[in-house]
Structure formats: C-alpha cells, structure tokens
S.K.: 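Structure incoming, see below.
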Amino acid sequence: MTPKTLFKLSSAVLAASLVLTACGGNSGNTGPASGAPSGSPSGSAPAANQPNPVTISIAYATGDPATKQAIETTIDAFTQAHPHITIKNISETTSDSYLDWLKTKDAVGEFPDLVEMRDTKVFADAGKLAELPAELHDLFTFLPEYEGKIYNAPLTGNAPNGVMYSKKAYADAGVAELPKTYDEFIAIQEKLLGSGISPIVVGGKDLFHMGFWVNYFLINNVYKDDPDWNSKRTAQTASFTDPGMVQAITDYKELFTKYVDKGWLSTADNQTASMLVTGKAAQLYSGPWMFGQITEADPSFEYGFYALPNRDGSIVVNGLPTLAGWALSAEAAKDPNKVEAVKAFIKFFFDPAQYSPYLATVNGIPTTKAEVTYETNDQMKEVLRLMADSSIQKSMMINNWYGDNAIPPQFRNWFYKLLQELVVNNGDVTEYMKQSDTEYDNNVKANQQ
C-alpha cells in the first residue's frame, strides 16, 4: 500500500483532529507555555516498581529554534515529574546535515537511546532501530510502516509549506490580490522588484532550507501527476531529463536567478524571519514552524500565508504522513529499564497537557487520537484548513517518500548542492539533470553492495 493510499484511509480522522485544534485567534504563540504542569499527566507516571535510577540519551534535530526550545521544555518537565530518570541530551547545533551528524554519533559509539528519526530506512536497514513498543501504537491516529514494522512516534503531522508575505510590501508594490496561478505569482515578483525590495529571502546557507523551494517545483511538476516517480527512477524507467523534471528545475533556476535575494547562499535559515520583518525581503517560502519566529522577531509585523498554486491554478501541498518521529535504538531496547523510561517519555510527550503547548510553540499538526487544543493565529488556521481540505492534493518532498519510492539517502544533499551550483554557475539544466541520473544510479548500486 502506497503512502498516498494510506493518507486517504486516515484523512477523515485527521480532518476531525485538525478542526478541533483551530480554537483561537491569538497570534502570540511563541515560546513554550509557562503554564506547563510540573506534575505528571495522567498515564505518564512511572510504575511503582520502577524506582531504580536510569539514564537515557536523547537526540533531535536542532535546526529550528522554536522546536528545540519546545522539546527542551518538555524534557525539563519530564525529569521533574520522573526524578528517577535522567535524560542526557546529546543534541547539538552543527553545520552538518542531521543524517550525517547521526552517522557520526553512531560511528563513535554515541548513537542515542531515543532519537528523532528522519531517515528511518537508513538506520532500520543498518539494524540501529527497534520497533516502537506496541503499547504506544494506540496513542496515534496513523503510524507509517516500513517493511511491515512500525518504528516511529510522529512528533507532528507533515506540514505544508507556503508563502509568508509582508502585507506592507505587497501594498507598497500595488499587489491587491493573492495569486490564483503560478504565473500570477511571478507577476507579483516583478511588482516587488519594481518597488525596490528583494522579493524572496532564502536561507541557502543551511542546505535543508533548499528543499522548500526545490520541492515546491518537484511536487507541482512531477509528483502531482506521478507519485511513484522515484521508484521509476530507481528502476531506470524515468529520468531527471524527463520533461516534468526539467520544467521543475528550469522554474527553480529562473526564480532564484531573478527574484531571490542575492545573498541567499550566505543567509542562514534562522536569519530569514529577521529579513522578512525588517523589510529586507518581501516573502519567505517555508513551513508553519516559522510563524513563532516571525512573531518573536516583531510582534507587530503584519503578514499573511498562502499555499502557492500551480500554473493551472490547482494547489498541491507537502502533507502526506512521513516515516519520521521518535524512535527507540536497538541497543537501548536490550535494557528493560531504558525501554520503560523511553515509553514513559513518549507517553508524557504526547499527553495533551504537554503536547498542546509543544504544538502551540512549533505551530504543529497533531498526530494523536486524544483531543489536543491550542490557540492558533490566522496563518495557522490556513495551514489547518489546507490539511483538512480533501480536495487539496497532498504529496511529499523527494526524500520523504518511503517503500519502493525511497531515494538513496545520500542523494538528497548531493542534489541540493548541485542545484545551488546550477544557479551560481548559470548552468544548463539538461546537462545538470544528466549528472543527476548518473549520481542517482551510482548511489543505488553502492547501496546494493
């Protein structure tokens, strides 16, 4: 069963969950809730026969400051409620990709007991992950499977990216309506250029940030018509020189050449909110985790959010459930005390008393069966509307597909770097796509050895 089919099966439950969350109009959801309880929520207290001290290590991606803050707040509350459990947080900010960082930790014998896993296939295939304990399964509305096994407790639903725009910049440029097609979006970029502002800020210094725009074009030119394109590329029945892929990368190159702020390669992801609110750029294309950063940078800044339409006016967004979330290491699974500690943490993390403020901080989409309510701003309401609207097609980023559609794990970063070089060198799109075919096939062969 493909991920696309699985999403259809769970969409009714998800839609109901999303409707329940949109309960406020407050735009001040920045930082953790000060009212997070220090006591243990129902169902999260350790068993009376588990008083022995135990230490578990934990690691998660630290690229987004709001998410980092929210997880650390939850860890602090958990250790207060479970004094016999010590959590050693080995997460650290690094210039490496999260995948490469985890591989390094594994190589030096420091693979975490509990890990936010974004490359489940890589580490499951390497025997580094244990299955998610069965008693945790019932917490969630949907759990993705890899080769018939469940490894992940999803932190949030896969959130759609969209355009965050300065209302003042749009007004100053004479933009009176939001675009109904991609061509209308390009016309807006010309108006913004004419008003003297950089139309779009991109945090290209952080390689993961490249994925936002790259995957907008891949989703709208490739995956919307063929969600199984990756598996065909692996089987060599599809090519990066296919018309849809070439159109996607051509559009990407044009956008970056003409409308993206010229300092994009030296701009970090955590600088993009500041550039937007200070008027150095008019728009940022990213996900709802940025809403808190924007408000924190300037609480009075007025901005909007919309899903960017395709040329034909249809809207396809990143939003299918992904193979990601909290995962238990195979090594930790050998220690019953560590397993109990990990189960206690996951129950605590997803208890509404903790999960609600976490979601409010990161502007996240809930994944649990339990009702979760938190105040949302207008921008987040639009995100929830997009996710709940069954008429809006949902897709995935190139590296988030799994099963037969999984790409070689080392390919994504190589591909993003290649596309950076394409813009910098004003390269020929077709020639660069031929390089992509060669690299992809080499990666597939290397992984089969």
Side-chain angles (χ1 to χ4, degrees), residues 3 59-63 92 94-108 110-112 115-129 144 146-147 151-152 204-215 217-219 222-223 228-242 245 248-249 252 265 269 318 322-325 327 329-330 396-424 427 431-449:
Y60 49 87
T62 59
E92 59 187 68
T94 172
S95 59
D96 294 334
S97 73
Y98 184 57
L99 171 61
D100 292 339
W101 179 80
L102 278 179
K103 286 182 175 180
T104 300
K105 286 296 183 184
D106 180 37
V108 298
E110 296 179 0
F111 194 75
V115 56
E116 181 195 355
M117 184 50 58
R118 298 183 174 186
D119 296 277
T120 299
K121 180 182 186 301
V122 175
F123 292 98
D125 288 348
K128 297 298 178 181
L129 302 181
Y146 173 61
E147 295 189 344
Y151 293 98
N152 306 109
K205 184 178 180 180
D206 291 308
L207 197 59
F208 74 87
H209 187 107
M210 296 299 299
F212 305 146
W213 272 116
V214 170
N215 282 283
F217 293 113
L218 294 184
I219 286 171
V222 179
Y223 297 132
D228 294 316
W229 187 90
N230 285 359
S231 64
K232 295 175 183 177
R233 175 72 278 278
T234 300
Q236 298 186 3
T237 58
S239 167
F240 281 94
T241 61
D242 290 345
M245 182 63 72
I249 304 307
Y252 151 83
L265 261 180
D269 177 83
N318 180 49
T322 61
L323 197 65
S329 76
M396 283 194 192
M397 293 187 176
I398 185 173
N399 59 298
N400 289 147
W401 298 97
Y402 52 93
D404 293 340
N405 285 308
I407 66 171
Q410 64 269 51
F411 181 77
R412 187 206 76 164
N413 287 353
W414 180 91
F415 188 55
Y416 289 175
K417 289 177 182 176
L418 180 79
L419 296 183
Q420 288 182 330
E421 294 173 7
L422 170 67
V423 174
V424 172
E431 292 303 313
Y432 273 69
M433 291 303 94
K434 290 178 181 177
Q435 294 181 46
S436 299
D437 275 332
T438 300
E439 180 70 14
Y440 193 99
D441 290 336
N442 288 342
N443 289 175
V444 171
K445 291 177 182 177
N447 293 341
Q448 292 173 341
Q449 295 176 354

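Worth saying up front: this structure is predicted, and the values here are computed from it rather than measured.
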S.K.: Do the two ring centres, one from Phe240 and one from Phe411, sit under 6.0 Å apart?
M.R.: yes
S.K.: Distance-only, no hydrogens or angles: does the Asn400 side chain make a donor-acceptor pair with backbone N or O of Met396 under 3.5 Å?
M.R.: no
S.K.: Would you say the side chain of Asn442 lies within less than 4.5 Å of the side chain of Thr438, judging by non-hydrogen atoms?
M.R.: yes
S.K.: Taking only residues two or more places apart in sequence, or in another chain, which ones meet Phe212 in a ring pair (Phe, Tyr, Trp, His ring centres under 6.0 Å)?
M.R.: His209, Trp289
S.K.: Judged by atom type as modelled, is there a donor-acceptor pair below 3.5 Å linking the side chain of Asp119 to the main-chain atoms of Pro409?
M.R.: no
S.K.: So do Glu439 and Ser436 actually touch side chain to side chain, heavy atoms under 4.5 Å?
M.R.: no
S.K.: For Ala61, is there any backbone N or O sitting under 3.5 Å from a side-chain donor or acceptor partner on Glu116?
M.R.: yes
S.K.: Less than 6.0 Å separating the ring centroids of Phe123 and Phe111?
M.R.: yes
S.K.: Would you compute the distance between atom CG of Asn399 and atom CZ of Phe208 and round it to the nearest 0.5 angstrom?
M.R.: 12.5 Å
S.K.: Between Trp414 and Gln435, is any pair of side-chain heavy atoms under 4.5 Å apart?
M.R.: yes
S.K.: Would the number of heavy atoms belonging to other residues, nucleotides or ligands and lying under 6.0 Å from CG of Asp441 be above 12?
M.R.: yes
S.K.: Counting only N and O atoms by type, is there a donor-acceptor contact under 3.5 Å from the side chain of Ser329 to the main-chain atoms of Leu129?
M.R.: no
S.K.: Taking all heavy atoms of Ala406 and all of Thr234, pick out the closest pair and write down the distance.
M.R.: O-OG1, 4.2 Å
S.K.: Report the C-alpha distance between Tyr402 and Thr120 in whole Å, list the side-chain angles of each, state the deciding distance to 0.1 Å, and finish with yes or no for side chain to side chain contact (heavy atoms under 4.5 Å, CB included).
M.R.: CA-CA 9 Å; Tyr402 52 93; Thr120 299; over 6 Å; no
S.K.: Between Asn405 (side chain only) and Ser231 (backbone N and O only), is there a donor and an acceptor less than 3.5 Å apart?
M.R.: yes
S.K.: Got Lys205 and Leu265 here, is their nearest side-chain heavy-atom distance under 4.5 Å?
M.R.: no
S.K.: Are Tyr416 and Val214 packed together at the side-chain level, in the sense that at least one heavy-atom pair is separated by less than 4.5 angstrom?
M.R.: yes
S.K.: Please report the closest heavy-atom contact between Gly127 and Ala330, naming both atoms and the distance.
M.R.: O-CB, 3.4 Å
S.K.: Start with the C-alpha distance between Phe415 and Ile407, add both sets of side-chain angles, then the distance that settles side chain to side chain contact (heavy atoms under 4.5 Å, CB included), and finish with yes or no.
M.R.: CA-CA 11 Å; Phe415 188 55; Ile407 66 171; over 6 Å; no
S.K.: Applying side chain to side chain contact (heavy atoms under 4.5 Å, CB included), run through Thr322 and Arg118 and close with a yes or a no.
M.R.: CA-CA 9 Å; Thr322 61; Arg118 298 183 174 186; over 6 Å; no
S.K.: Determine whether the side chains of Asn447 and Gln410 contain a donor N or O and an acceptor N or O closer than 3.5 Å.
M.R.: yes
S.K.: Can any side-chain N or O of Tyr252 pair as donor or acceptor with the backbone N or O of Leu419 at less than 3.5 Å?
M.R.: yes
S.K.: Where the side chain of Thr62 meets the backbone of Glu92, is there a donor-acceptor pair that is under 3.5 Å apart?
M.R.: yes
S.K.: Keeping the roles fixed (side chain from Asn230, backbone from Trp401), state whether a donor-acceptor pair exists under 3.5 Å.
M.R.: no
S.K.: Less than 4.5 Å apart, side chain to side chain, heavy atoms only: is that true for Met117 and Leu323?
M.R.: no
S.K.: Evaluate the side chain to side chain contact (heavy atoms under 4.5 Å, CB included) criterion for residues Leu207 and Gln420: first the C-alpha distance (whole Å), next the side-chain angles of each, then the deciding distance (0.1 Å), finally the verdict.
M.R.: CA-CA 9 Å; Leu207 197 59; Gln420 288 182 330; 3.8 Å; yes
S.K.: How many angstroms lie between atom CZ of Arg412 and atom CD1 of Ile398, to the nearest 0.5 angstrom?
M.R.: 10.0 Å
S.K.: So, taking the atom named OH in Tyr440 and the one named CD in Gln236, what distance separates them when rounded to the nearest 0.5 Å?
M.R.: 10.0 Å
S.K.: For the pair Asp242 and Arg233, find out whether any cationic side-chain nitrogen is under 4.0 Å from an anionic carboxylate oxygen.
M.R.: no
S.K.: Side chains of Lys121 and Tyr146: closer than 4.5 Å at any heavy-atom pair?
M.R.: yes
S.K.: Do Leu218 and Ile249 make a side-chain contact, defined as non-hydrogen atoms from C-beta onward lying under 4.5 Å apart?
M.R.: yes
S.K.: Around atom NZ of Lys105, are there more than 12 heavy atoms of other residues, nucleotides or ligands at under 6.0 Å?
M.R.: yes
S.K.: Nearest heavy-atom pair of Asn215 and Met397: which atoms, and what distance?
M.R.: OD1-CA, 3.2 Å
